[in-house]
Amino acid sequence: MRQRILVIGATGLLGGPVANGLREAGFTVRVMSRDARRVRARFDDPFEVVAGDALDVADVEKALGGCEAVHVSIDHDQEDECVTQVLEAARSQGLQRISFISGVTVCEENRWFPLVDRKLRSEQAIRASGIDYAIFRPGWFMEMLANFVHGDRVFVFGRPKRRWHFVALQDLARMVVESYRRPQAANKAFYVHGPEALTVLEAQRRYCRVLHPDVGKLRSTPYWMLRLIARLTRNTRMQKGIEMVNYLERVGERGDPSEANAILGAPEITLERWLRMQSREEAR
Ligand SMILES: NC(=O)c1ccc[n+]([C@@H]2O[C@H](COP(=O)([O-])OP(=O)(O)OC[C@H]3O[C@@H](n4cnc5c(N)ncnc54)[C@H](OP(=O)(O)O)[C@@H]3O)[C@@H](O)[C@H]2O)c1
């Protein structure tokens with residue numbers, strides 16, 4: 001019988017490609033969302049859909065019924081609570097595997113940042129649960145570059161100097177799927193580093209050259225000005241994004257991806273290749 005996997009966060013940026021990848025690989029995929037209409041709007045071919053709140057243990061129990069595994073890819077300000085509910089519900093459900101999206105900077109030294117504290121607590125609870133797990137620690141995604149373009153303006157946050165192994169969502173999804181196929185992937189934390197290291201500014205330049213050639217020279221906007229713009233426009237999403245990018249630039253990329261690459265296959269999609277894929281999509 002096909003393994004049934006619950007994906008929590010499938011309507012999100014990272015969860016969608018994973019849900020699609022698992023289904024294409026032959027798993028039965030069930031999706032949990034607070035809004036079932038959002039699932040139907042996002043995916044052509046409907047998955048099993050369960051409407052519910054991942055912070056409500058009764059909803060999670062219902063969603064997990066009949067599933068052998070769960071993939072958690074939820075907003076980071078909710079995830080530790082979600083993991084608690086999943087592990088609580090899993091006691092009565094015979095869950096065999098949990099996969100979880102953590103982050104490339106997650107380590108004790110960075111615990112002062114609230115996101116890292118929540119991710120470390122989630123990782124720890126998963127490790128202690130006795131359920132087989134695979135933890136993924138990705139960093140910058142190529143798909144995030146679009147978020148810095150507003151009309152004909154591109155925001156460069158401060159003066160980015162750190163290099164990051166940008167990764168494509170397609171590569172992350174492939175690695176998560178692979179982790180469900182390979183027994184040796186059990187009980188591991190995988191650093192996900194893309195094939196080449198670039199500063200955010202280098203990546204933004206390449207991105208604009210291909211997808212926004214009308215944008216002129218990229219100019220840096222200081223953090224104080226970005227914060228002011230976000231405050232004046234009451235844009236809380238932007239505020240969160242600014243603090244996240246500032247934090248990332250402060251601490252830099254971590255980890256050794258060699259085990260992930262050996263077991264799951266290394267990410268292969270370079271930014272150039274990803275940009276060609278995006279141009280073809282746009283031309284359709
Ligand atoms: N984005 C990045 O570049 C990046 C990089 C590294 C790691 N990560 C990590 O990846 C994870 C996912 O990030 P993302 O960018 O994909 O997030 P996202 O696009 O904001 O999506 C969040 C997802 O969480 C679901 N969700 C939130 N609260 C829920 C609840 N109470 N019950 C059920 N579902 C709930 C949402 O589903 P509904 O709204 O449909 O209910 C949505 O599908 C985060 O933990 C993040 O830290 C992200």
Side-chain angles (χ1 to χ4, degrees), residues 12-14 75-77 101-107 109-117 119 136-172 191-233 235-257 266-279:
L13 181 76
L14 274 61
D75 287 57
H76 45 76
D77 39 6
I101 302 293
S102 185
V104 81
T105 65
V106 171
C107 63
E109 205 182 317
N110 295 336
R111 197 163 207 152
W112 56 269
F113 194 63
L115 170 145
V116 172
D117 182 48
K119 285 199 181 289
F136 291 85
R137 292 178 169 163
W140 270 97
F141 283 96
M142 296 170 191
E143 283 76 1
M144 294 301 287
L145 293 167
N147 292 354
F148 297 90
V149 183
H150 295 272
D152 58 0
R153 173 139 195 224
V154 178
F155 284 94
V156 178
F157 286 20
R159 298 190 182 281
K161 296 222 165 31
R162 300 245 190 211
R163 288 184 182 276
W164 300 85
H165 289 85
F166 276 76
V167 68
L169 281 175
Q170 195 181 316
D171 268 324
L172 172 77
Y191 283 96
V192 181
H193 288 192
E196 57 184 337
L198 300 166
T199 67
V200 175
L201 182 57
E202 285 165 345
Q204 283 179 311
R205 282 206 185 104
R206 291 193 196 181
Y207 179 86
C208 291
R209 207 179 304 135
V210 178
L211 296 180
H212 295 278
D214 299 340
V215 167
K217 195 170 166 8
L218 302 197
R219 286 178 214 288
S220 155
T221 308
Y223 277 98
W224 68 263
M225 196 183 289
L226 291 164
R227 289 189 179 108
L228 186 66
I229 295 169
R231 207 170 58 237
L232 292 176
T233 55
N235 187 338
T236 48
R237 203 177 134 85
M238 184 177 175
Q239 275 168 3
K240 280 188 184 175
I242 293 165
E243 296 321 320
M244 175 66 85
V245 175
N246 190 24
Y247 156 77
L248 290 172
E249 199 53 30
R250 183 166 160 187
V251 301
E253 188 174 76
R254 294 280 177 140
D256 176 357
E268 286 183 339
I269 302 173
T270 60
L271 184 57
E272 295 308 323
R273 183 170 148 206
W274 181 82
L275 287 167
R276 282 198 299 277
M277 287 154 65
Q278 303 308 303
S279 319

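Position 1 is the first residue of the sequence; numbering continues from there.
- One distance of note links CG of Leu145 with CZ of Phe166; it measures 5.0 Å at 0.5 Å rounding.
- Glu143 is linked by a salt bridge (Lys or Arg N to Asp or Glu O under 4.0 Å) to nothing, counting only residues two or more places apart in sequence or in another chain.
- Remark: Trp112 engages Tyr247 in a ring-ring contact (aromatic ring centres under 6.0 Å, His included) (not counting sequence neighbours).
- Put simply, the side chain of His193 reaches to within 4.5 Å of the side chain of Val104, judged on heavy atoms.
- Shown here are the side chain to side chain donor-acceptor pair (under 3.5 Å) partners of Glu272, two or more places apart in sequence or in another chain: Arg206.
- Every residue two or more places apart in sequence or in another chain that forms a side chain to side chain donor-acceptor pair (under 3.5 Å) with Glu243 is listed here: Arg227.
- Counting heavy atoms from C-beta on, the side chains of Phe113 and Thr105 never come closer than 4.5 Å.
- In this structure, the salt bridge (Lys or Arg N to Asp or Glu O under 4.0 Å) partners of Asp77, at least two apart in sequence or on a different chain, are Lys240.
- Checked by atom type and distance alone, the side chain of Lys161 never pairs as donor or acceptor with a backbone atom of Glu249 at under 3.5 Å.
- No side-chain donor-acceptor contact under 3.5 Å links His76 to the backbone of Val116.
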Just list the side-chain donor-acceptor pairs under 3.5 Å for residues 213-222, sequence neighbours left out, or say none.
{"unit_1": "Ser220", "atom_1": "OG", "unit_2": "Gly158", "atom_2": "O", "d": "2.7"}
{"unit_1": "Thr221", "atom_1": "OG1", "unit_2": "Arg153", "atom_2": "NH2", "d": "3.2"}

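- Looking only at side-chain heavy atoms (C-beta outward), Val154 and His212 stay at 4.5 Å or farther from each other.
- Residues passing the salt bridge (Lys or Arg N to Asp or Glu O under 4.0 Å) test with Glu202 are Arg163, sequence neighbours excluded.
- Qualifying side chain to side chain donor-acceptor pair (under 3.5 Å) partners for Thr270, counting only residues two or more places apart in sequence or in other chains: none.
- The neighbour count for Arg250 CZ, taken as heavy atoms of other residues, nucleotides or ligands under 6.0 Å away, does not exceed 12.
- The minimum heavy-atom distance linking Lys119 with Gly103 is given by the pair CD-N, 3.8 Å.
- Rounding to the nearest 0.5 Å places CH2 of Trp140 at 10.5 Å from OG1 of Thr199.
- Residues Val156 and Phe148 form no side-chain contact, since every pair of their non-hydrogen atoms from C-beta on lies 4.5 Å or further apart.
- Counting non-hydrogen atoms of other residues, nucleotides and ligands closer than 6.0 Å to CG of Asp75 gives a total above 12.
- One finds the CG atom of Leu271 at 9.5 Å from the CD atom of Gln278 (value rounded to the nearest 0.5 Å).
- Contacts of Arg276 classified as salt bridge (Lys or Arg N to Asp or Glu O under 4.0 Å), with partners at least two apart in sequence or in another chain: none.
- Looking only at distances, no side-chain donor or acceptor of Arg137 sits under 3.5 Å from a matching main-chain atom of Ser102.
- Note that CG of Asn235 and CG of Leu226 are 11.5 Å apart. Values are rounded to the nearest 0.5 Å.
- Of the inter-residue distances, the one linking Leu248 atom CG with Trp164 atom CH2 reads 4.5 Å to the nearest 0.5 angstrom.
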Item checked: Audit row: Arg209, Leu275, side-chain contact (heavy atoms from CB on, under 4.5 Å) steps and yes/no -> CA-CA 10 Å; Arg209 207 179 304 135; Leu275 287 167; over 6 Å; no
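- Remark: Glu253 pairs with His165 by the side chain to side chain donor-acceptor pair (under 3.5 Å) rule, at least two apart or across chains.
- Between Phe157 and Asn246 the shortest side-chain heavy-atom distance does not fall below 4.5 Å.
- Atom-to-atom distance recorded for Asp171:CG and Trp274:CH2 is 12.5 Å, nearest 0.5 angstrom.
- Legend: residues meeting ring-ring contact (aromatic ring centres under 6.0 Å, His included) with Phe155, ordered by chain and number and at least two apart, are His150.
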Next item on the list: Begin from the C-alpha positions of Leu172 and Leu14 and carry the test side-chain contact (heavy atoms from CB on, under 4.5 Å) through to its verdict.
Entry: CA-CA 8 Å; Leu172 172 77; Leu14 274 61; 4.1 Å; yes
Item checked: Criterion side-chain contact (heavy atoms from CB on, under 4.5 Å) on Met277 and Met142, from CA distance to verdict -> CA-CA 12 Å; Met277 287 154 65; Met142 296 170 191; over 6 Å; no
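- Tyr191 meets the ring-ring contact (aromatic ring centres under 6.0 Å, His included) test with no other residue; sequence neighbours excluded.
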